[in-house]
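Here's the structure we're looking at; comments come further down.
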Amino acid sequence: MSEVLLRGFGWRHAGRRAWAVRGLDLHVRRGERVLLLGPSGAGKSTLLAALAGLLPEDSGEAEGSIEIDGLEPRKARDRVGILFQDPQTQLVMARSGDDVAFGLENRGVPAAGIWPRVADALTRVGFPYRNDRPTHALSGGEAQRLALAGVIALRPGLLLLDEPTANLDPAGAALIRDAIGRTAGTDTTLIIVEHRVAEALPLVDRVVVLAPGGGVRADGTPESVFAAHGDELAGEGVWVPGRAVGRPAPSVRPSAADELVCAERVTVPGRLPEVSLTARAGQVLAVTGPNGAGKSTLALLLGGLLAPGGGRITGFGDKRPPHRWRAATLTQRIGSVFQNPEHQFVTGRVADELALGPRRLGRPADEIRRTVDELLHRLRLEKLAAANPYTLSGGEARRLSVATALATAPRLLVLDEPTFGQDRRTWRELVALVGELRDEGHGIVAVTHDEDFVRTVADVTVTLGGPE
């Protein structure tokens, strides 16, 4: 078990005026299990990266101090295990078993002890495949389980988890929580960031809420924090258990009209069993189902970013399938938001990211400026216009990815986990935006595990089956 001590800690990303986190005093004792909360952008992910010793000195400005067992984080890395929001950043080997073994080999674990620990870790997280499963063939949720197995296998003194169940179906999320509970209940100190607050509470004995302006907003047992501050925290965007989600008022739903894209018995061998569906203007179509069912693969097919292995996809009256369209044609018709938003950022400024699509289409400069300003305002990104997209929080990056898809005004939007990483306030705003877009005549296809999202705005739901 490890002990954590922060004195006046702060971090500001290079090129940013605002501090990601500042004035933070915090003491986490050995064996404590802490749930770290705060609105989107409060600095939760930055704090976890700092504790793991992963904030490069030349990429920002630091103040104050952090100690883990009396050591600065870079010297305590062998005591710390961290799971990032994007599990793909942690997978380094071609085969799943080898990926879990990689960290153990680097730590010098004797060869005879490596594979029993690999097997135990994979069992704990409910990984459904053999050791030789290719890592490139895993869904986002499956990759999340594998990455967590790699962290658990190290048996760290301090376990840092950033949204560990964000991309998992309910059954997979329950398995992960069970694995975390058994790991943190032995000889590990736990700090977890999780928006599914109610489900995470059985794992923790303490709640720490970060204030967006810096410092700690609230600290104590879950019962005391939510009893004393529940209403204020909910108003600031924290997901407070027992508080209604406050769904936006339902809008007037026009009857679904034009057929935009039609998938007829499409399949991708090993990734997507046969499926048929139609995306229409003025309609939100939700695609649900367990991890590994092929939801993200279907999103790529509908977005014209992948060719089907069988069946056919047609749309917009074009004789050619979407994956054969010219890039300029595709972006005007269909906008895609990937499961991991960082995978679609290509510039160094948020405003430039929003301007890129319209600029490539040859839109006039004044029209581009109006589009960028409107999207910055609509997605609550005005203060981040000059920020590097790769320094955004998970929730901010998701909102930017949605905004970039809207920048070219496509008729169809394909969104993969659109509400991932959102606090209570930005969740409501994103859901309201989806409803507005539908009422304006856009078609929406949303791949999601978010049951509240489905209940609130979905007109049609298609549920895919389990893995092959």
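On a predicted model such as this, the values are computed, not experimentally measured, just so you know. Computed over heavy atoms, backbone and side chain alike; hydrogens, waters and symmetry mates excluded.
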Could you tell me whether [X] and [Y] make a salt bridge, using a distance below 4.0 angstrom between a side-chain N and a carboxylate O?
{"X": "Glu436", "Y": "Arg378", "value": "yes"}
{"X": "Asp459", "Y": "Arg280", "value": "no"}
{"X": "Arg33", "Y": "Asp205", "value": "yes"}
{"X": "Arg455", "Y": "Asp452", "value": "yes"}

Side chains of [X] and [Y], donor plus acceptor under 3.5 Å:
{"X": "Asp450", "Y": "Trp427", "result": "yes"}
{"X": "Glu274", "Y": "Thr267", "result": "no"}
{"X": "His195", "Y": "Glu163", "result": "yes"}

TODO: Decide yes or no for Val197 and Leu201: does some side-chain heavy atom of the first lie under 4.5 Å from some side-chain heavy atom of the second?
DONE: yes
Task: Minimum side-chain heavy-atom gap Val261-Val445 below 4.5 Å - done: no
Salt bridge (Lys or Arg N to Asp or Glu O under 4.0 Å) with [X]: which residues, sequence neighbours excluded?
{"X": "Arg326", "result": "none"}
{"X": "Glu223", "result": "none"}
{"X": "Arg133", "result": "none"}
{"X": "Arg324", "result": "none"}

TODO: Tell me, with the steps shown, if Thr135 and Asp99 meet side chain to side chain donor-acceptor pair (under 3.5 Å).
DONE: CA-CA 8 Å; Thr135 53; Asp99 201 86; 5.6 Å; no
First locate atom [atom1] of [X], then atom [atom2] of [Y], and finally report the distance between them rounded to the nearest 0.5 Å.
{"X": "Ile192", "Y": "Lys44", "atom1": "CD1", "atom2": "NZ", "result": "12.5 Å"}
{"X": "Leu122", "Y": "Leu148", "atom1": "CG", "atom2": "CG", "result": "10.5 Å"}
{"X": "Arg359", "Y": "Leu354", "atom1": "CZ", "atom2": "CG", "result": "10.5 Å"}
{"X": "Asp162", "Y": "Leu83", "atom1": "CG", "atom2": "CG", "result": "7.5 Å"}
{"X": "Arg12", "Y": "Thr391", "atom1": "CZ", "atom2": "OG1", "result": "12.5 Å"}

- [ ] Only counting residues at least two apart or in another chain, list the ones meeting side chain to side chain donor-acceptor pair (under 3.5 Å) with Glu259.
- [x] none
Task: Residue list, ring pair (Phe, Tyr, Trp, His ring centres under 6.0 Å) with Phe226, at least two apart or on another chain - done: none
Open item on the list: Any side-chain to backbone donor/acceptor pair from Arg177 onto Leu203? Under 3.5 Å, distance only.
Closed with: no
